[in-house]
Amino acid sequence: MKKLVIISYEEYTGQQYAQTLKRLFGDAVDISFYSIHHSPSTHIDADIVLASTYSVYELAKYHVHSFDHIIIADITLRKDALEQLRSFPPQTKAILVNNSLESAIDTISLIYKHGIRNLDLIPAYPPLRSTYDCDLAITPGEVDLIPFGISQVIDLGDRVLSIKTISEIATQLNMTELLRQPLCRSYFDTLVAPDVSTPGMLGQIGALEQQIHFIMQVFGSGVISLDDRGMVRFSNTPAANLLGLAARQLQGMSLEQAVPSLWENGSPLLVRDQVINMGSQVLIASVHHLEYNAISQGYLVLIRRFTDLEKEQYKIRRQVMSRGHVAKYTFHDIVGKSGEMNQIKRMAQKFATSNSTVLIYGQTGTGKELFAQSIHNASPRRDFPFIAINCAAIPENLLESELFGYEEGSFTGAKKGGKAGYFELAHGGTLFLDEVSEMNINLQNRLLRVLQEKEVIRVGGNAIINVDVRIIAASNKNLKALVNQSKFRQDLYYRLNILNICLPPLESRKEDIPLLIEAMKQEMGGHFTLTEDAMKLIQSTHFEGNVRELRNLVERLLHADCTLIDVEVLQRHLDQDISFSAAEKNDPIIERFFRDQKQQLGFLVQILEALMPTHHTYIRMGRRSIQQTLEQKGIFRSEQEIRTALQVLQLYRLVQVLRGRGGTGITPLGVKVWEQLSAMPLQVTSN
């Protein structure tokens with residue numbers, strides 16, 4: 001249920017507004033109210049906050065999640081109350097009595113705004129004088145404050161919420177249908193509308209009607225405008241031609257007569273891109289309900305030939321794909337014969353037939369986008385755009401407009417006419433969000449809404465755009481761990497983590513390295529031969545960048561000064577230290593580790609054991625996670641002690657510690673040491 005909170009200076013005002021809204025919205029909204037003097041000092045959890053005045057808004061805005069959730073009440077008077085004031089002769093003096101100077105001035109402004117010019121109003125508020133130089137007092141419900149001796153009193157009754165405020169609340173709560181109910185209509189009928197110049201208003205309406213008529217005539221498709229009864233108000237020539245009628249015949253005709261298939265139960269049938277038959281023609285029709293304001297309504301009917309719609313969609317698709325928004329790779333381009341890789345490819349091929357969101361985990365360079373493109377090209381969406389965006393590569397302030405688009409003038413530098421976002425451009429196809437873990441919380445909120453509602457709103461706009469996009473997300477971080485750290489929305493995580501793939505690092509599929517090297521040489525059009533020892537050295541090397549780093553090595557070797565690559569040549573082109581093979585039995589570095597760290601082997605083996613899950617998965621662990629794992633076993637050490645232990649293990653190449661928050665993973669050499677240490681009768685004590 002939607003929740004609305006009212007905040008005002010006086011509790012009576014909040015109570016009055018609450019009663020009005022409960023009467024109009026019924027049980028569809030949970031409504032409560034506070035006086036600003038008794039409002040909660042912490043966060044206000046509500047879909048909408050209604051502030052009685054601007055000054056209340058300034059105080060309330062610090063307690064809500066977003067300024068967009070606050071509405072400042074616009075007040076008005078009832079028609080019957082205002083009519084009493086028109087009967088007085090010009091320049092009649094009167095006091096306007098209210099409980100404060102601010103409220104009295106607001107009410108006077110409200111009266112003058114509605115065209116009352118025959119009264120000379122003087123604000124009166126406590127403490128009131130005993131006598132005033134007039135015999136007429138006007139008050140909005142504060143009769144008890146009228147000073148003794150005033151002979152004529154007019155009680156305007158309480159100031160009430162205007163049509164504008166009620167409509168704004170209904171729109172934000174997505175309940176505009178309530179505005180058409182008899183209860184709201186009767187309430188609106190009692191209110192005074194803002195005073196405007198009637199001749200000027202009619203002139204503006206006439207000019208607007210001429211502009212609309214012109215636009216409809218030059219619009220390529222058939223356009224018909226209906227009033228709230230379904231009668232034709234305007235129509236353009238293409239619409240008349242498609243329906244086989246003259247334009248003058250359509251004017252004043254009901255939609256039921258013109259297009260019977262779009263009429264049901266006494267009103268236009270709301271449809272979107274529905275195929276209809278009109279004689280020998282097959283047409284596509286859409287009927288949209290329009291609400292110009294809370295009272296004035298109508299319908300817009302769009303008609304086009306079926307072939308025109310197909311041509312337009314084809315044109316848009318070609319324009320998007322010409323910008324490079326296509327997937328180039330397929331599952332045939334994924335090189336590998338290891339059992340784990342073959343299993344992942346089979347699973348991904350099954351995922352391709354589904355329309356569900358896919359989450360791909362993997363270290364840098366393991367081929368996350370390669371799999372994303374392959375899934376798209378094997379799916380029913382293959383003929384539609386594939387758009388990839390790296391959430392970590394685009395600044396936060398630009399990422400929102402890139403994803404959701406923007407309207408003209410929404411910010412400095414915005415293009416004239418606005419710009420469609422990636423969600424709109426990917427309509428019908430796939431949007432690949434790489435490094436989704438780097439998206440900030442505000443954008444996560446908007447992404448969640450798109451996944452839930454299948455609709456977007458451009459930055460600076462208010463029009464809802466329906467989109468049909470499949471999301472494939474990728475991350476080299478554990479999103480579940482980020483959720484536990486409150487760095488990633490839990491509800492978004494569960495929306496993304498429907499189908500998931502975990503890509504193995506290169507070191508866990510070393511048998512694929514010769515195949516990858518051959519495929520890379522063929523792609524780059526070069527040639528060299530690796531000796532057996534050189535190939536073994538490559539297979540024992542830890543590539544932090546995985547396949548991407550291996551590709552860099554192959555490209556360097558293609559530019560070597562010889563075509564036969566032995567160990568000596570290879571070592572000159574490796575840009576990192578070489579990890580020692582776990583198969584070596586008497587590794588000097590292991591012997592040195594056992595000799596130098598004899599006193600704390602018990603604690604170090606516990607660290608290695610905590611890191612063992614990182615051996616078969618991309619997920620690395622932070623110091624805090626290691627500390628928690630040890631505490632579960634009754635071993636309590638500080639983060640500084642764990643940091644020192646990791647530095648020792650890294651010195652002997654038993655672990656790999658990434659910079660920043662990259663975490664720590666165990667190396668093959670570390671696995672070998674753990675296996676040897678776990679077989680020893682070692683003890684570790686808790687500090």
Side-chain angles (χ1 to χ4, degrees), residues 2 47 66 68 170-177 269-275 284-291 300 302 309 312-313 316-317 320-321 325 327 351-360 372 375-376 379-389 391 399-407 418-434 436 439-474 479 488-500:
K2 300 288 187 179
D47 297 285
S66 170
D68 295 337
T171 300
Q172 289 208 26
L173 293 176
N174 197 23
M175 295 180 179
T176 53
E177 70 280 356
L269 181 64
L270 301 181
V271 296
R272 188 180 183 90
D273 294 336
Q274 178 166 307
V275 178
I284 299 292
S286 297
V287 180
H288 303 274
H289 181 241
L290 304 177
E291 293 189 51
L300 188 68
L302 304 177
L309 179 64
E312 182 178 332
Q313 290 179 342
I316 293 173
R317 261 197 323 268
V320 171
M321 291 182 174
H325 297 315
F351 289 174
T353 61
S354 167
N355 199 40
S356 300
T357 301
V358 180
L359 180 58
I360 303 176
I375 290 172
H376 172 81
S379 75
R381 297 174 178 266
R382 66 178 68 88
D383 295 326
F384 292 85
F386 174 89
I387 298 180
I389 182 168
C391 300
L399 184 58
E400 181 178 22
S401 60
E402 290 294 319
L403 282 174
F404 305 105
Y406 57 82
E407 296 292 350
K419 179 184 176 183
Y422 286 129
F423 273 102
E424 291 178 65
L425 295 177
H427 182 68
T430 302
L431 183 61
F432 175 55
L433 300 176
D434 197 8
V436 71
M439 185 178 290
N440 68 32
I441 293 294
N442 290 332
L443 285 186
Q444 290 178 31
N445 295 338
R446 293 200 64 178
L447 175 59
L448 178 63
R449 178 171 178 80
V450 175
L451 294 178
Q452 290 174 335
E453 307 297 335
K454 305 295 183 183
E455 58 188 30
V456 297
I457 300 176
R458 290 185 180 182
V459 175
N462 51 24
I464 295 176
I465 303 169
N466 294 315
V467 292
D468 173 24
V469 177
R470 184 187 194 177
I471 298 294
I472 300 179
L479 294 187
F488 200 84
R489 284 187 64 110
Q490 185 179 47
D491 42 8
L492 177 58
Y493 168 73
Y494 288 118
R495 280 281 180 178
L496 294 176
N497 191 34
I498 298 175
L499 306 176
N500 62 67

J.: Could you tell me if the side chain of Leu399 sits less than 4.5 Å from the side chain of Ile389, heavy atoms only?
T.: yes

J.: For the atom pair CG (Leu479) and CZ (Phe488), what is the distance rounded to the nearest 0.5 Å?
T.: 5.0 Å

J.: In Å, rounded to the nearest 0.5 Å, how long is the span from CG of Asn497 to CD of Gln490?
T.: 12.0 Å

J.: Which heavy atom of Ala426 sits nearest to which heavy atom of Val469, and what is that distance?
T.: O-CG2, 3.6 Å

J.: In terms of ring plane angle, is the pair Phe432 and Phe386 parallel, tilted or perpendicular, where the classes change at 30° and 60°?
T.: parallel

J.: Ignoring hydrogens and geometry, is there a side-chain-to-backbone donor-acceptor pair from Arg470 to Leu431 under 3.5 Å?
T.: no

J.: Taking all non-hydrogen atoms of both residues into account, name the closest pair between Ala352 and Ser379 and its distance.
T.: O-CB, 3.2 Å

J.: For a quick test of reading the model, state the closest non-hydrogen atom pair linking Ala473 to Val436 and the distance between them.
T.: CB-CG1, 4.1 Å

J.: Please test Arg489 against Arg495 for side-chain contact (heavy atoms from CB on, under 4.5 Å), starting from the C-alpha separation and ending with a verdict.
T.: CA-CA 10 Å; Arg489 284 187 64 110; Arg495 280 281 180 178; over 6 Å; no

J.: Contact between Leu425 and Pro385 at the side-chain level, heavy atoms closer than 4.5 Å - yes or no?
T.: no

J.: Rounded at 0.5 Å granularity, tell me how far OH in Tyr494 sits from CG in Leu448.
T.: 13.5 Å

J.: What pairs with Glu400 under side-chain contact (heavy atoms from CB on, under 4.5 Å), at least two apart in sequence or on another chain?
T.: Phe404, Leu443, Arg446, Val459

J.: Among residues at least two apart in sequence or on other chains, which ones pass side-chain contact (heavy atoms from CB on, under 4.5 Å) with Glu455?
T.: Arg449, Glu453, Ile464, Asn466

J.: Measure from the side-chain N and O atoms of His427 to the backbone N and O of Phe384, and report whether any donor-acceptor pair falls under 3.5 Å.
T.: no

J.: Please find the pair of heavy atoms, one from His288 and one from Leu270, that lie closest to each other, and give the distance.
T.: C-CD2, 4.2 Å

J.: When rounded to the nearest 0.5 angstrom, what distance separates CG in Leu499 from CG in Asn355?
T.: 10.0 Å

J.: Show, in sequence, the C-alpha distance, side-chain angles and deciding distance for Leu451 and Leu492, and conclude whether the side-chain contact (heavy atoms from CB on, under 4.5 Å) test is met.
T.: CA-CA 9 Å; Leu451 294 178; Leu492 177 58; 3.7 Å; yes

J.: With respect to Val358, which candidate in Leu496, Asn500, Ile472 satisfies the side chain to side chain contact (heavy atoms under 4.5 Å, CB included) definition?
T.: Ile472

J.: I need the Leu447 CG to Ile471 CD1 distance, nearest 0.5 Å.
T.: 6.0 Å

J.: Would you give the length of the straight line joining atom CZ of Phe351 to atom CG of Leu359, rounded to the nearest 0.5 angstrom?
T.: 10.5 Å

J.: Could you tell me which non-hydrogen atom of His376 sits nearest to which non-hydrogen atom of Arg381, and how far apart they are?
T.: CE1-O, 3.0 Å

